[in-house]
Amino acid sequence: MSRRIIIDTDPGQDDAVAILLALASPDEIEVLGITAVAGNVPLALTQKNARIVCELAGRTDIRIFAGCDRPLERPLITAEHVHGKTGLNGPTLPDPTMPLQDAHGVDFIIETLRQEPPGTVTLCPLGPLTNIATAFARAPDIVGRVQEIVLMGGAYFEVGNITPSAEFNIYVDPHAADAVFRSGVPVTVMSLDVTHKALVTRPRNDAFRAIGNRVGEAVAAMTDFFERFDKEKYGSEGAPLHDPCVTAYLIRPELFTGRHINVEVETTSPLTLGMTVADWWRVTKRAPNAMFMGTIDDDGYFALLTERLARL
Ligand code: RIB
Ligand code: CA
C-alpha cells in the first residue's frame, strides 16, 4: 500500500537525498507536493533548492510551494556553517527552470488534507515544523485527517547538535514543535538517536558515486561537502544522513525500532530551549504521543539508498 505524502523541507543536502529517495520509489511513495520552509537556509533558497533537486531527479511535474519564512515566535536561525551558503553546496547544479507554485505552502497543506480522504495523507517534515503548526492553527479541522507525521527532529540519548540540549529542527521553532507533539496526530520521530547511527562513511559515499548516474555523482558531492562539519565536530567516520531516515521508514519500516513514549518540547528555558524531553524509561505518567525511534539497520539503510538512487 503506497503512502501519499507531503514533504515539508529545508534543503539541505540531507533533505535532498530524502526527496530523491521518495521520488525513486513510486511503488511505495506518491509525492503529492513539496512545501519549503525556512531552516538550514532562508526560504528563498530552500524553495529554490527543492526545485533544483526535483529537476535533478527529472521530476519537473512535482508541485513545489514556498511556506513560512520564519518561526512562529523566535528569530530565524540558519545553518550555513553545515550546509554552505546555498544550502546545497557540493555539486554544481543548474538553477531551476521549473516553476514555484503560487499558493502558499501552508494553504497547500490545508487544501490537500481537506480534499483527500481522511487518514490517507502522511506529512513528512524534514526541517523546522513551522508550516505544519501554522496549518494546524489556521485549520484545526485538518488535524484529525492526517494519517501520520513522520519527522526528522529531536534527540534524547544524543542530546543536542545546535545547542548542548537541542536538535536543530526543533530548536529553530520550538513553539511549532510543541504544537505538533501536542496535536494528537500519530507522530513517528527520527531523532538524532537514530540518525547518528546512519553515518555516510567513505565506502558508503563511494558506493553512491559508483552508481554512475548524475544523481549518484551529485549525492556523493553533497556528502563530501556536508560531512566535513560533523566529522570535525564528532571525530566520526562520516556525517549522519538525517532526513532520508524519514522516507526510508515509509519504504522499509523494519529498518527501524523504537518505543511509543511521551515526548514534550521545552519552549521557555533559555538553557534547554528546543529540547525534546523523551520519557524513554516511562518514569512519568505523561501519555505516550510519539513513536520515538532508537535504532536503525544502517547497512540496510545505505543499501536501500544506493539501490534506489540508481533508479533515477
Ligand atoms: O539536525 C538535523 C536536521 O537539521 C536535518 O533535517 C538537517 O537538514 C537540518 O534541517
Ligand atoms: Ca532538513
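In this chain, numbering begins with 1 at the start of the sequence shown. Counting starts at 1 for both ligands and their atoms, following the listed order.
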Angle class for the Phe65/Phe108 ring planes (parallel below 30°, perpendicular above 60°, tilted otherwise)?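 Phe65 and Phe108: parallel rings.
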What atoms of ligand 1 come closer than 4.0 angstrom to any heavy atom of [X]?
{"X": "Asn40", "answer": "7 (C), 8 (O), 9 (C), 10 (O)"}
{"X": "Met152", "answer": "2 (C), 3 (C), 5 (C), 6 (O)"}
{"X": "Phe168", "answer": "1 (O), 4 (O), 9 (C), 10 (O)"}
{"X": "Asp10", "answer": "10 (O)"}
{"X": "Asp15", "answer": "8 (O)"}
{"X": "Asp14", "answer": "5 (C), 6 (O), 7 (C), 8 (O)"}

Exercise for the section: Give the minimum heavy-atom separation between Leu273 and Tyr171, together with the two atoms involved. Expected result: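 Taking every non-hydrogen atom into account, O-CD1, 3.2 Å.
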Open item on the list: Restricting to non-hydrogen atoms, name the atom on Leu192 and the atom on Val159 that form the minimum distance, rounded to 0.1 Å.
Closed with: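 It is CD1-O, 3.5 Å.
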Neighbour count >12 (heavy atoms, 6.0 Å) for atom [atom1], [X]:
{"X": "Glu237", "atom1": "CD", "result": "no"}
{"X": "Arg70", "atom1": "CZ", "result": "no"}
{"X": "Asp61", "atom1": "CG", "result": "yes"}
{"X": "Glu254", "atom1": "CD", "result": "yes"}

- Message: Taking 3.0 Å as the cut-off, does Asp14 contribute an N, O or S atom near the Ca ion (ligand 2), distance below it?
- Response: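 For Asp14, the answer is no, given that no N, O or S atom comes within less than 3.0 Å of the Ca ion (ligand 2).
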* Leu126 near the Ca ion (ligand 2) via N/O/S, less than 3.0 Å ->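 Yes - counting backbone and side chain alike, Leu126 has an N, O or S atom under 3.0 Å.
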query = Hey, looking at atom 3 (C) of ligand 1, which of Gln13, Glu167, His242 has the closest heavy atom?
reply =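 Minimum heavy-atom distance to atom 3 (C) of ligand 1 goes to Glu167.
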Side chain, backbone, both or neither: the part of [X] lying under 4.0 Å from ligand 1 by heavy atom:
{"X": "Val82", "result": "neither"}
{"X": "Asn161", "result": "side chain"}
{"X": "Ile162", "result": "neither"}

Any donor-acceptor N/O pair, [X] side chain to [Y] backbone, under 3.5 Å:
{"X": "Arg138", "Y": "Ala135", "result": "no"}
{"X": "Thr163", "Y": "Ser165", "result": "yes"}
{"X": "Ser25", "Y": "Glu28", "result": "no"}

State the atom name: nearest N, O or S atom of Asp243 to the Ca ion (ligand 2).
->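 Going through the N, O and S atoms of Asp243 one by one, OD2 ends up nearest to the Ca ion (ligand 2).
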Closest N/O/S atom of Asp10 to the Ca ion (ligand 2), by atom name?
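For Asp10, the N, O or S atom at the smallest distance from the Ca ion (ligand 2) is OD1.
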Say whether Leu192, considering both its backbone and side-chain N or O atoms, lies within less than 3.5 Å of an N or O atom on ligand 1.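 The answer is no, given that Leu192 and ligand 1 share no N or O pair closer than 3.5 Å.
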### Message
How far is atom 10 (O) of ligand 1 from the closest protein heavy atom, and which atom is that?
### Response
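The answer is Asn169 OD1, 2.8 Å.
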Among all protein heavy atoms, pick out the one at the shortest distance from atom 6 (O) of ligand 1; state its residue, atom name and that distance to 0.1 Å.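 Ranked first by proximity to atom 6 (O) of ligand 1 is Asp243 OD1, 2.6 Å.
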Looking only at side-chain N and O atoms, does Thr46 offer a donor or acceptor that is under 3.5 Å from a partner on Asp10?
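There is no such pair (donor and acceptor under 3.5 Å, judged by atom type) between the side chains of Asp10 and Thr46.
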